[in-house]
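Only one structure is covered here, and it is reproduced in the block below.
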Amino acid sequence: MNVVRWGMIGCGSVAERKSGPAFYKAPGSALVAVMGRRREAVQDYTARHGIERIYTDVESLIADPEVDAVYIATPPDSHHAYSLLVAAAGKHCCVEKPMALNARQSQEMQQVFANAGLHLFVSYYRRSLPRFQQVREWLQEGRIGEVRHLTWTLTKAPSPTDQSGSANWRTDPKVAGGGYFADLASHGLDLFQYLLGDIVEVAGFTARQAGLYAAEDAVSASWRFAGGALGMGCWNFVADRREDRVELIGSQGRISFSVFDEHPVQLHTHETLSLHIDHPEHIQWHHVLGMNAHIRGDSLHPATADQALKTDWVMDQILQRGSD
């Protein structure tokens with residue numbers, strides 16, 4: 001398979017610049033069909049991005065014989081059902097993160113694809129970004145010695161949408177599996193396990209401090225990595241200002257970086273090395289390249305369903321989510 005032909009379900013804001021263009025610009029990749037429930041929206045998207053075939057129902061896109069793999073760029077509440085349809089059609093799949101509403105759904109998705117001999121990926125594209133590959137290289141080189149502790153603080157002020165009470169799927173637990181924590185913290189929790197290994201114990205607390213929406217707006221948690229390092233997180237989405245800072249504390253130094261902000265990655269030992277590493281124009285570029293190479297059998301991609309399942313388990317423990 002020299003070129004992997006993708007079909008995309010959903011054409012919202014994530015697909016506009018972050019992901020969609022990478023699927024048709026990356027070498028060995030093509031975006032041949034797009035599905036959207038509103039015909040006007042999908043026609044507008046495909047016209048601007050030069051994609052020929054449009055669909056307004058999921059089943060028709062999945063059944064398209066020209067589609068080898070399906071990218072599900074929709075909110076989490078549809079990932080489980082849509083991905084199982086893709087597996088039934090014998091095609092590879094990528095779902096946006098988080099993988100599903102809870103770990104039970106994610107486990108079923110992972111198992112169905114594994115049993116069918118198909119590939120299921122999750123858009124934890126930070127595993128592939130050059131700035132985090134640099135952090136991983138420092139860790140593998142032992143530049144800070146034994147890792148002792150990780151801390152992450154992520155805060156932001158409520159948005160005008162939050163303040164107004166307007167509809168927002170990201171703060172509707174029935175659609176997102178939680179609030180901004182599920183949407184944003186999942187990226188970091190997945191990345192940390194890529195850098196430091198599995199989280200094996202975790203506990204957390206949640207609160208609705210401002211009560212602006214149905215989901216939690218404040219979360220704190222602590223955990224233990226299989227290698228012995230400890231972790232701690234503070235996420236507050238009704239705070240005074242934005243902050244995004246991770247610090248890895250080692251026996252011989254420290255590494256600091258941001259999960260979302262493009263601040264320099266810094267290595268603090270006897271002196272400080274500060275590197276500014278730009279993101280690609282389309283942030284899922286390396287993720288798409290990696291998926292296509294994995295499908296072709298050229299190399300292994302790190303953002304697979306079996307890895308994403310671990311992150312859903314961690315979030316289940318922190319949010320005390322059930323399996324319904």
Side-chain angles (χ1 to χ4, degrees), residues 1-11 14-15 19-20 22-24 26-35 51 53 55 57-128 177 186 190 193-194 198 284-313 323:
M1 189 181 293
N2 294 325
V3 175
V4 180
R5 300 170 299 178
W6 289 87
M8 183 169 71
I9 299 173
C11 52
V14 169
S19 61
F23 281 91
Y24 63 79
S29 187
L31 182 58
V32 299
V34 177
M35 176 268 165
I51 300 157
R53 296 200 297 288
Y55 293 98
D57 67 283
V58 169
E59 292 83 358
S60 295
L61 179 136
I62 294 172
D64 187 330
E66 299 298 312
V67 169
D68 304 312
V70 177
Y71 168 45
I72 300 174
T74 59
D77 65 332
S78 59
H79 293 179
H80 178 261
Y82 287 173
S83 66
L84 295 187
L85 290 174
V86 175
K91 300 183 179 184
H92 308 297
C93 186
C94 173
V95 298
E96 265 301 326
K97 57 80 216 162
M99 186 172 168
L101 293 178
N102 52 56
R104 182 198 61 78
Q105 286 189 349
S106 296
Q107 185 173 33
E108 182 180 358
M109 292 161 60
Q110 187 271 332
Q111 193 63 58
V112 166
F113 276 82
N115 290 345
L118 298 166
H119 301 303
L120 175 59
F121 307 97
V122 181
S123 290
Y124 285 124
Y125 51 83
R126 278 172 170 74
R127 288 176 174 241
S128 303
S186 57
D190 176 81
Q193 293 184 94
Y194 178 60
D198 294 350
Q284 294 202 28
W285 178 266
H286 297 287
H287 174 66
V288 171
L289 287 174
M291 288 192 297
N292 290 335
H294 190 118
I295 289 171
R296 290 193 299 267
D298 297 338
S299 61
L300 296 178
H301 188 50
T304 49
D306 59 322
Q307 298 301 311
L309 174 57
K310 299 173 184 178
T311 298
D312 272 349
W313 175 82
S323 59

Side chain to side chain, P98 and Y124, heavy atoms closer than 4.5 Å: yes

Tell me which donor-acceptor pairs under 3.5 Å the side chains of residues 65-72 have, and how far apart each pair is, sequence neighbours excluded?
{"residue": "E66", "atom": "OE1", "partner": "R5", "partner atom": "NH1", "Å": "2.8"}
{"residue": "D68", "atom": "OD1", "partner": "R5", "partner atom": "NH2", "Å": "3.0"}
{"residue": "D68", "atom": "OD2", "partner": "R5", "partner atom": "N", "Å": "2.9"}
{"residue": "D68", "atom": "OD2", "partner": "R5", "partner atom": "NE", "Å": "3.0"}
{"residue": "Y71", "atom": "OH", "partner": "S19", "partner atom": "OG", "Å": "2.9"}
{"residue": "Y71", "atom": "OH", "partner": "E96", "partner atom": "OE2", "Å": "2.6"}

Basic-acidic side-chain contact under 4.0 Å: D64, R53: yes

Check: S106 and W313 side chains under 4.5 Å, non-hydrogen atoms: no

Nearest atoms (heavy-atom pairs only) where L118 meets A87: CD1-O, 3.7 Å

M35 side, atom CE; T74 side, atom OG1 - distance, nearest 0.5 Å: 9.0 Å

Rounded distance [0.5 Å steps], CD in Q105 versus CD in Q110: 14.5 Å

Stepwise side chain to side chain contact (heavy atoms under 4.5 Å, CB included) test for M291 and H119: CA-CA 9 Å; M291 288 192 297; H119 301 303; over 6 Å; no

Rounded distance (nearest 0.5 Å) linking atom CH2 of W6 with atom OG of S29: 7.0 Å

Residue N2 excluded, over 12 heavy atoms near CG under 6.0 Å: no

Backbone N/O of I62 and side chain of K91: donor-acceptor pair under 3.5 Å: yes

Contact check, side chains of P27 and L289, non-hydrogen atoms, under 4.5 Å: yes

Test side chain to side chain contact (heavy atoms under 4.5 Å, CB included) applied to M109 and L309, step by step: CA-CA 9 Å; M109 292 161 60; L309 174 57; over 6 Å; no

Pairing residues for H80 by the ring pair (Phe, Tyr, Trp, His ring centres under 6.0 Å) criterion, not counting sequence neighbours: none

Nearest atoms (heavy-atom pairs only) where M99 meets A305: CE-CB, 3.5 Å

Heavy-atom check, side chain of H294 versus side chain of F121, under 4.5 Å: yes

Side chain to side chain contact (heavy atoms under 4.5 Å, CB included) between V58 and Y82, intermediate numbers included: CA-CA 8 Å; V58 169; Y82 287 173; 3.5 Å; yes

Min side-chain heavy-atom separation R127-H286 under 4.5 Å: no

Closest heavy-atom pair and its distance - A26, V288: CB-CG1, 4.2 Å

Residue pair L101, D77: steps toward the side chain to side chain contact (heavy atoms under 4.5 Å, CB included) verdict: CA-CA 6 Å; L101 293 178; D77 65 332; 4.1 Å; yes

K97 NZ to S123 OG distance, which is reported to the nearest 0.5 Å: 9.0 Å

Ring centroid separation F113 to H92 under 6.0 Å: no

C94 SG to H79 NE2 distance, which is reported to the nearest 0.5 Å: 9.0 Å

Expected output: side-chain S78 to main-chain P75 donor-acceptor under 3.5 Å: yes

Within residues 293-306 or reaching into it, pairs that qualify as salt bridge (charged side-chain N to carboxylate O under 4.0 Å, His left out) - sequence neighbours excluded: R296-D298

Side chain to side chain, L84 and V112, heavy atoms closer than 4.5 Å: yes

S83: which of I9, V122, V95 passes side-chain contact (heavy atoms from CB on, under 4.5 Å): V95

H301-H287 side chain donor-acceptor pair, cut-off 3.5 Å: yes

D190 side chain vs Q193 backbone, donor-acceptor pair below 3.5 Å: no

